[in-house]
Amino acid sequence: IPYFLLKKSPKRWWFYTSIIMVPFMALMMLIYPIWISPIFNDFGPMKDQVLETKILALAEECGIEGSRVFEVDKSIDTKKLNAYVTGFRDTKRIVLWDTIIEKLNEDELLSVMAHEMGHYVLGHAINGLMFMCLMMMLTFYAIYRTADSFINRYKDRIGFERFSDIASLPLLFLLMHLFLNIIGPIQLAFSRYQENAADRFGLEIRQNNYAAASAFVKLQEENLAIPRPGWLFKIFRSSHPILGDRIDFCNTYRPWEKGEPLKYGKYFNITD
């Protein structure tokens with residue numbers, strides 16, 4: 001498709017290619033967990049009905065109504081822990097892997113679910129999709145601005161004279177990886193920002209700092225995460241805040257004890 005667009009519109013191919021990629025990215029982020037993932041994984045009802053009731057009650061407090069809870073049999077594939085909230089309207093669902101149900105106690109599990117519900121309520125999936133589309137457009141534009149200069153300089157050695165020639169495919173991949181590595185820290189920083197917001201949301205809705213912190217400790221142990229890696233790892237590899245920093249945040253963030261307003265209190269549907 002990019003080479004077809006290169007021939008049809010040499011000066012605008014980068015824009016059209018970015019637009020065409022949007023539905024594919026939406027498929028991965030929004031449609032995959034609802035309709036495709038259940039094809040390859042065993043989604044079933046929650047076995048612990050009492051816990052399911054508490055999860056649904058927490059969802060109501062977060063303003064998420066009409067959700068279904070699914071338990072996924074992932075212990076046959078992995079020991080990693082995971083849970084998420086996804087969907088829209090009739091497809092809204094709260095999904096927990098059986099591994100996380102087994103490893104975390106009730107308070108810890110509810111703290112993790114409050115974090116995941118924070119992602120959903122704050123619209124992080126849509127915001128993340130829009131941000132990724134913007135980054136992809138910038139990547140293709142950077143390729144457009146640099147490819148011709150590279151070809152003009154080395155055309156006698158590389159064997160082609162136009163970027164629209166399919167022989168330039170290795171160059172396309174090379175430039176794409178180069179610019180993706182350059183903008184990678186920006187994408188990771190945006191992801192860490194969203195994760196921190198979800199951490200804050202979860203702490204404010206449950207106000208159980210110890211459970212949130214201990215959940216992160218267990219996540220670190222089960223997922224084999226490094227608690228405090230160096231700054232280079234954080235910038236180029238970390239899509240989540242450093243685990244040690246997240247635990248510190250859980251231990252210190254208590255605005256409700258000081259009578260201070262909650263940043264995300266407007267989203268809560270809590271009745272006395």
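Taking the ring centroids of Phe201 and Phe268, they lie under the 6.0 Å cut-off.
When atom types are taken as modelled, the side chain of Ser191 and the backbone of Gln187 share no donor-acceptor pair closer than 3.5 angstrom. Under a 3.5 Å cut-off, the side chain of Asn181 and the backbone N or O of His177 do form a donor-acceptor pair. With hydrogens and angles disregarded, a donor-acceptor distance shorter than 3.5 Å links the side chain of Glu204 to the backbone of Lys263. Looking at Asp245, its side chain never comes within 3.5 Å of a backbone N or O of Pro241 through a donor-acceptor pair. No donor-acceptor pair under 3.5 Å is formed between the side chain of Arg68 and the backbone N or O of Ile94.
The minimum heavy-atom distance between Arg192 and Lys234, with the atom names listed, is NH1-O, 2.8 Å. Summarising the geometry of Val121 relative to Cys62, their closest heavy-atom pair is CG2-O, 3.3 Å, with the distance given to 0.1 Å. Minimum interatomic distance between Phe160 and Ala167 (heavy atoms only, all atoms of both residues): CE2-O, 3.6 Å. A pairwise comparison of heavy atoms in Gly87 and Tyr120 identifies O-OH, 2.9 Å as the closest pair. Shortest non-hydrogen contact noted between Asn82 and Ile100 is O-CG2, 3.6 Å.
Atom CD1 of Ile186 and atom CG of Leu134 lie 9.5 Å apart (nearest 0.5 Å). Note: Ile31 CD1 to Phe24 CZ = 11.0 Å, rounded to the nearest 0.5 Å. Rounding to the nearest 0.5 Å gives a distance of 9.0 Å between CE of Met28 and CE of Met132. Note that the CZ atom of Phe140 and the CG atom of Leu138 stand 11.5 Å from one another [nearest 0.5 Å]. Atom CD1 of Ile55 sits about 11.5 Å away from atom CD of Glu116, to the nearest 0.5 Å. Interatomic distance, Ile19 CD1 to Cys133 SG, rounded to the nearest 0.5 Å: 8.0 Å.
Between Tyr253 and Trp256, the ring planes are perpendicular. Angles over 60° get that label, and only those under 30° would be called parallel. Below 30°, between 30° and 60°, or above 60°: for Tyr141 and Trp14 the angle between ring planes is above 60°, a perpendicular geometry.
Applying the 6.0 Å contact sphere to NZ of Lys103 captures no more than 12 heavy atoms from other residues, nucleotides or ligands. By the neighbour-count criterion of 12 heavy atoms within 6.0 Å, atom CZ of Arg93 is densely surrounded, having more than that number from other residues, nucleotides or ligands. Within a 6.0 Å radius of CG in Asp90, no more than 12 heavy atoms belonging to other residues, nucleotides or ligands are found. In this structure, Phe15 places its CZ atom where only 12 or fewer heavy-atom neighbours from other residues, nucleotides or ligands lie under 6.0 Å away. For Ile76, the CD1 atom sits in a packed shell: over 12 heavy atoms of surrounding residues, nucleotides or ligands are nearer than 6.0 Å. Counting heavy-atom neighbours within 6.0 Å of Lys54 NZ, excluding the residue itself, gives a total of 12 or less. More than 12 heavy atoms of other shown residues, nucleotides or ligands fall within 6.0 angstrom of atom CZ in Phe43. Within 6.0 Å of the OH atom in Tyr210, the count of heavy atoms belonging to other residues, nucleotides or ligands does not exceed 12.
At least one side-chain heavy atom of Asp107 sits under 4.5 Å from a side-chain heavy atom of Arg206. Residues Met113 and Glu108 form no side-chain contact, since every pair of their non-hydrogen atoms from C-beta on lies 4.5 Å or further apart. Contact annotation: the side chain of Leu5 never approaches that of Arg12 to less than 4.5 Å [non-hydrogen atoms, C-beta and beyond]. Taking 4.5 Å as the limit, some side-chain heavy atom of Val72 sits within range of a side-chain heavy atom of Val95. Using a 4.5 Å heavy-atom cutoff, the side chains of Tyr264 and Leu122 are in contact. Contact annotation: the side chain of Asn269 approaches that of Glu65 to within less than 4.5 Å [non-hydrogen atoms, C-beta and beyond]. Residues Thr53 and Leu56 have side chains not in contact (no heavy-atom distance under 4.5 Å, counting atoms from C-beta outward). Looking only at side-chain heavy atoms (C-beta outward), Trp13 and Ile143 come within less than 4.5 Å of each other.
Residue pairs satisfying the side-chain hydrogen bond (donor to acceptor under 3.5 Å, both in side chains) criterion with at least one member in residues 153-168, sequence neighbours excluded, are listed as follows: Tyr3-Ser168.
Val69 is not connected to Val50 by any chain of hydrophobic side-chain contacts under 4.5 Å among Ile, Leu, Val, Met, Phe, Trp and Tyr, and they are in different clusters. Linking Ile, Leu, Val, Met, Phe, Trp and Tyr residues whenever their side-chain heavy atoms come within less than 4.5 Å places Tyr267 and Ile64 in a single cluster. Under a hydrophobic clustering in which Ile, Leu, Val, Met, Phe, Trp and Tyr are joined whenever their side-chain heavy atoms come within less than 4.5 Å, directly or via other members, Ile242 and Leu203 fall into different clusters. Phe150 and Ile182 fall within the same hydrophobic cluster, where Ile, Leu, Val, Met, Phe, Trp and Tyr residues are linked whenever their side-chain heavy atoms come under 4.5 Å apart, directly or through other members. Note on Val112 and Leu81: same hydrophobic cluster, where clusters join Ile, Leu, Val, Met, Phe, Trp and Tyr whose side-chain heavy atoms are under 4.5 Å apart, directly or indirectly.
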* Test His115 against Glu195 for side-chain hydrogen bond (donor to acceptor under 3.5 Å, both in side chains), laying out the working first. => CA-CA 8 Å; His115 166 93; Glu195 292 296 333; 3.0 Å; yes
* Asked: Are Ser75 and Asp98 close enough, and set up right, to give a side-chain hydrogen bond (donor to acceptor under 3.5 Å, both in side chains), and what steps lead you there?
  -> CA-CA 6 Å; Ser75 56; Asp98 59 346; 2.8 Å; yes
* Using the side-chain contact (heavy atoms from CB on, under 4.5 Å) rule, take Thr146 and Leu178 through it: C-alpha gap first, then chi angles, then the decisive distance, then the call. => CA-CA 11 Å; Thr146 56; Leu178 172 64; over 6 Å; no
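One side chain, Lys74 or Asn41, offers a donor N or O that lies under 3.5 Å from an acceptor on the other.
Contact check on Glu71 versus Lys47 returns a salt bridge, with a Lys/Arg side-chain nitrogen under 4.0 Å from an Asp/Glu carboxylate oxygen.
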